[in-house]
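Worksheet: one structure, shown below.
All chains are named by letter (A, B, ...) in the order of the sequence lines, taking the proteins before the strands, and each is independently numbered beginning at 1.
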Protein chains: 2
Amino acid sequence: MALRPTARTDVNRSAILAHLGAHGPASRAQLARALSLSPALMTQLSKDLLTDGLIRELAHQPSQGGRPARMLGLVASAGRAVGVKIADDHVAVVEVGIDGTVLRTASEPFDPAASTMLAELVDRLRRFIAGGSDTPLLGVGVGVPGDVDAQGTGLVNAPSLGWTNAPIGATLRRELGLPVLVENNVNALAVAERLYGLGRRHDDALIVTIGTGVGAAIVLDGGVVRGSRGGAGEIGHLPVATNGPVCTCGNEGCLETFISESALVRIARERGVIAPAAGISALRAAADAGTTAATEIFSEAGHQLGRALAGLVHVLDPEIIIVLGEGTADWSHWSFGFEPAFRAALMPARRGVPVAVETWQDDSWAQGAAALVLATPFDAEGLAGEQGRLVRQRLVEQAAAPGESA
Amino acid sequence: MALRPTARTDVNRSAILAHLGAHGPASRAQLARALSLSPALMTQLSKDLLTDGLIRELAHQPSQGGRPARMLGLVASAGRAVGVKIADDHVAVVEVGIDGTVLRTASEPFDPAASTMLAELVDRLRRFIAGGSDTPLLGVGVGVPGDVDAQGTGLVNAPSLGWTNAPIGATLRRELGLPVLVENNVNALAVAERLYGLGRRHDDALIVTIGTGVGAAIVLDGGVVRGSRGGAGEIGHLPVATNGPVCTCGNEGCLETFISESALVRIARERGVIAPAAGISALRAAADAGTTAATEIFSEAGHQLGRALAGLVHVLDPEIIIVLGEGTADWSHWSFGFEPAFRAALMPARRGVPVAVETWQDDSWAQGAAALVLATPFDAEGLAGEQGRLVRQRLVEQAAAPGESA
DNA sequence: TATGGTTTGTTTAGTTCTGAATGAAGGGGA
DNA sequence: TCCCCTTCATTCAGAACTAAACAAACCATA
């Protein structure tokens, strides 16, 4: 493919801002190296950004053998973003600063199958946004448990929510008058992980979530893989056994039927480890208390996950596997089965692939969605399309004239 | 002629040439759209290429509502490339024109485990190249059954050849004095498929080879995925059964233990379908003759492959699956088991993914390797690195001064 | 304390590329 | 036939970018 020099300055100015936001203050020389731009251009661009009030000069850094670097830092009030996580029973919303820090959170019950669903969603977001600070709001990121045709369009197919071609992006955009980016929730998480988490240092990573279900996002050559219809990363329906429980998808032996939360609960009930009406918390408590039958259930799940991920390491050759999600709270129990199965199933040449478990917070999903907005400056290939351009535009415009914010 | 064309012009000039080679003649406007360049720049670049004699103006095309397009086409004598396939018992070499057509082929026995292996390889290539036409030779592409650190470096790890960090790229480059690109053979095939085959119309594809082993290459967002160490696409060791035959990698239930050529032969012998000393051709003959026990073996292999590929469709969300390799000759037998297993294992939303079986020729592997050289112009991200730059340079220089001294 | 080396940042001159206006060449309807 | 529309291609002013030289600030070492 040829280079896309369209709107280069726009992309480069934003890339500087994003880099400062993601990696903290940096010198002009560091930025030039990181973004593959000439020092000459960095001088020019940083001058513009300084006069626009988007960045400012910080203290000098001690010399590293030559002239000491004058650091550049973001002006924190330059912008903020709103992230939305849509689940099958609630909506979580967060407001994050341009540097990725969470400023405000909210969570409310929500019925995605209701006919008034879209109006309700708009209403909730309007109220949340109204309560925010007065720094420019750059846009809204939405994470959904399903396939999204394109981030900028935001047409969602999510069987678990009962959605078929739900026009989330277009509707929110029209009603809120803001740039809106919609993406699969695991992919959004991967974007956040790449900006702020461990993925920052890895251009090829496999990001796996465990919780109510199991999901994955694929980072290759620094970008999150979407696939032809935005559906890449669906590892829950990898066949891992020739005969096994019947999955919701109609098949036997899907990975999900062994390791999803409901699968663990089902197994625990069958084996009498927990009461017929008890749930995952009972199983977790039993395992934490050292009940062998309970820890075995987690360990077996870890075993299945380990084998499946080893297969994916062979297919994708990532540098690292990063595990996230509500289920990571029980990782100590999973790892008993995971580690031996994973390592044994790997070819010798791949046996060194590290597996990292990131700390998980309640609002991580929504934070990931917000990262969609804050990541747009990196989006040179136009993954976010027109909406990404609008986000960049708002960042530059509103900072230049901070008076009328929507 | 331009005084000092920088990297970007170089890339764009080459992108034009590659597009013409891959997709046939095109108008300036079409090229501008395809390569995301402005029409203004296309005018400039095509003028340069015309005066350099690399392209020429063809006939007008009938109007499509406006001014008719004046088509531009490659000058066929602008260059050629050599492709090398290295297998565990022989080496195949082809010479292809800039438009991808095979001009000449050769195949000789070869022992990759011999200590004189590199010298032998150089010798064979020297002799082959000496017999070629006098159009400029742009470079040599090498396909190997193993992991390659980077196309331009060409450090190969190939257990099946007994190679550990074999410096194929550096050695050939030094000895031949030509740009050399080394890549995993399935990845090279994917590059060719993307340039000349069905993959031309698909930015996200899964390319699967069946034959002595089973392999895959992943095309995402238009590019062939290499993974962190050039090892992506290894699907032979996906775990597909909880207990099964022990694989050469030491595990149980790898896909390869069910569907590789040696696995089929082993099963056929166990079941008495073929004689204990007979091989794959005997099994094939039996199946072609309609022997149920033989067709069943293929059908079972198809079943396993179908389930595994369905899993990968969920993970990668390709637009299409393309099947290649020596084994495609028996596809009619495979498909009995493949189709139902594949379709059934897919989630409803993905059930429409087409599976295409491409015609296979003996020299397809080597042709794929040659495509590495001819594809370098597309290589904006520098996958081929310095060697790619050299290929482009040769293309421009040699065409600018054909025959004369430079 | 000079001297040379290193890293950072700026300036200058010149190239590459885009946007917008314009010309070129044809189709189709009243 | 004339007029408007579409698509293809070129021209030109100016923006974006780079390379290369230079200036600034600091360290190390003799």
Side-chain angles (χ1 to χ4, degrees), chain A residues 1-16 25-52 55-73 377 380 382 389 392-393 396, chain B residues 1-16 19-20 25-52 55-73 380 382 389 392 396:
Chain A
M1 298 291 153
L3 298 177
R4 273 199 53 130
T6 325
R8 263 173 300 181
T9 299
D10 188 30
V11 167
N12 284 340
R13 284 171 60 115
S14 312
I16 293 170
S27 70
R28 290 169 177 83
Q30 284 169 354
L31 285 169
R33 282 191 297 267
L35 304 176
S36 297
L37 299 174
S38 63
L41 183 57
M42 268 312 302
T43 293
Q44 198 56 43
L45 293 176
S46 57
K47 196 187 292 174
D48 292 352
L49 290 171
L50 280 167
T51 58
D52 280 358
I55 63 174
R56 58 179 179 173
E57 291 196 319
L58 306 177
H60 288 252
Q61 246 200 350
S63 162
Q64 288 170 343
R67 174 174 172 175
R70 181 170 292 168
M71 305 301 278
L72 301 174
R389 204 185 56 72
R392 290 194 283 269
Q393 192 178 320
V396 174
Chain B
M1 54 188 89
L3 292 178
R4 201 181 304 168
T6 65
R8 174 164 289 134
T9 303
D10 189 29
V11 167
N12 284 340
R13 286 169 59 113
S14 310
I16 294 171
H19 191 274
L20 293 177
S27 70
R28 291 170 177 80
Q30 285 169 350
L31 285 168
R33 283 192 296 268
L35 303 177
S36 297
L37 298 172
S38 65
L41 184 57
M42 268 311 303
T43 292
Q44 198 57 43
L45 294 176
S46 58
K47 194 187 293 175
D48 291 353
L49 290 171
L50 280 167
T51 58
D52 282 357
I55 63 174
R56 56 175 186 187
E57 290 196 318
L58 307 176
H60 289 251
Q61 248 201 347
S63 163
Q64 289 171 342
R67 171 173 174 176
R70 180 170 293 170
M71 305 302 278
L72 301 174
R389 202 185 59 70
R392 290 194 282 269
V396 174

Could you go through nucleotides 21-24 of chain D and list every protein N or O atom that sits under 3.5 Å from one of its N or O atoms, giving the distance for each pair?
none

Taking only nitrogen or oxygen atoms into account, show me every contact under 3.5 Å that the protein makes with nucleotides 11-13 of chain D, one pair per line with its distance.
none

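In this structure, CD on A:Gln44 lies 10.5 Å from CG on A:Leu49, to the nearest 0.5 angstrom. Note that CG of B:Leu31 is 6.0 Å distant from CD1 of B:Ile16, once rounded to the nearest 0.5 Å.
With rounding to whole Å, A:Leu50 atom CG is found 14 Å from C:dT10 atom C1'. Atom CG of A:Leu45 and atom P of C:dG9 are 14 Å apart (whole Å). C:dT6 atom P lies 19 Å from atom CD of A:Gln30, rounded to whole Å. The CE-P distance, from B:Met42 to D:dT7, rounds to 19 Å in whole Å. Residue A:Met71 contributes atom CE, which lies 16 Å from atom P of C:dT7 at whole-angstrom precision. Going from atom CG of B:Leu72 over to atom P of D:dT10 covers 9 Å, rounded to whole Å. As rounded to whole Å, 16 Å separates atom C1' of C:dT10 from atom CG of A:Leu37.
Distances from the side chain of B:Arg28 to the nucleotides D:dC8, D:dT10, D:dA25 place D:dT10 closest. If you check D:dC8, C:dT18, D:dC26 against the side chain of A:Ser63, the one that comes closest is D:dC26.
Remark: A:Arg70 is not in phosphate contact with D:dA25, judged by side-chain N or O atoms under 4.0 Å from OP1 or OP2.
Looking only at side-chain heavy atoms (C-beta outward), B:Gln30 and B:Met42 stay at 4.5 Å or farther from each other. Looking at heavy atoms from C-beta onward, B:Leu72 lies out of side-chain contact with B:Arg56 at the 4.5 angstrom threshold.
For the side chain to side chain donor-acceptor pair (under 3.5 Å) test with A:Ser46, the passing option among A:Arg70, A:Arg28, A:Glu57 is A:Arg28; the others fail. Between A:Ser27 and the options A:Met71, A:His60, A:Gln61, a side-chain contact (heavy atoms from CB on, under 4.5 Å) holds for only A:Met71.
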Show the atom names and distances, to 0.1 Å, of all donor-acceptor pairs under 3.5 Å that link a side chain in residues 33-41 of chain A to residues at least two apart or in another chain.
from    : atom 1 : to      : atom 2 : distance (Å)
A:Ser38 : OG     : A:Leu41 : N      : 3.3

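Between B:Glu57 and A:His60, the residue anchored closer to the 5' end of DNA chain D is B:Glu57, taking for each the nucleotide with the nearest heavy atom.
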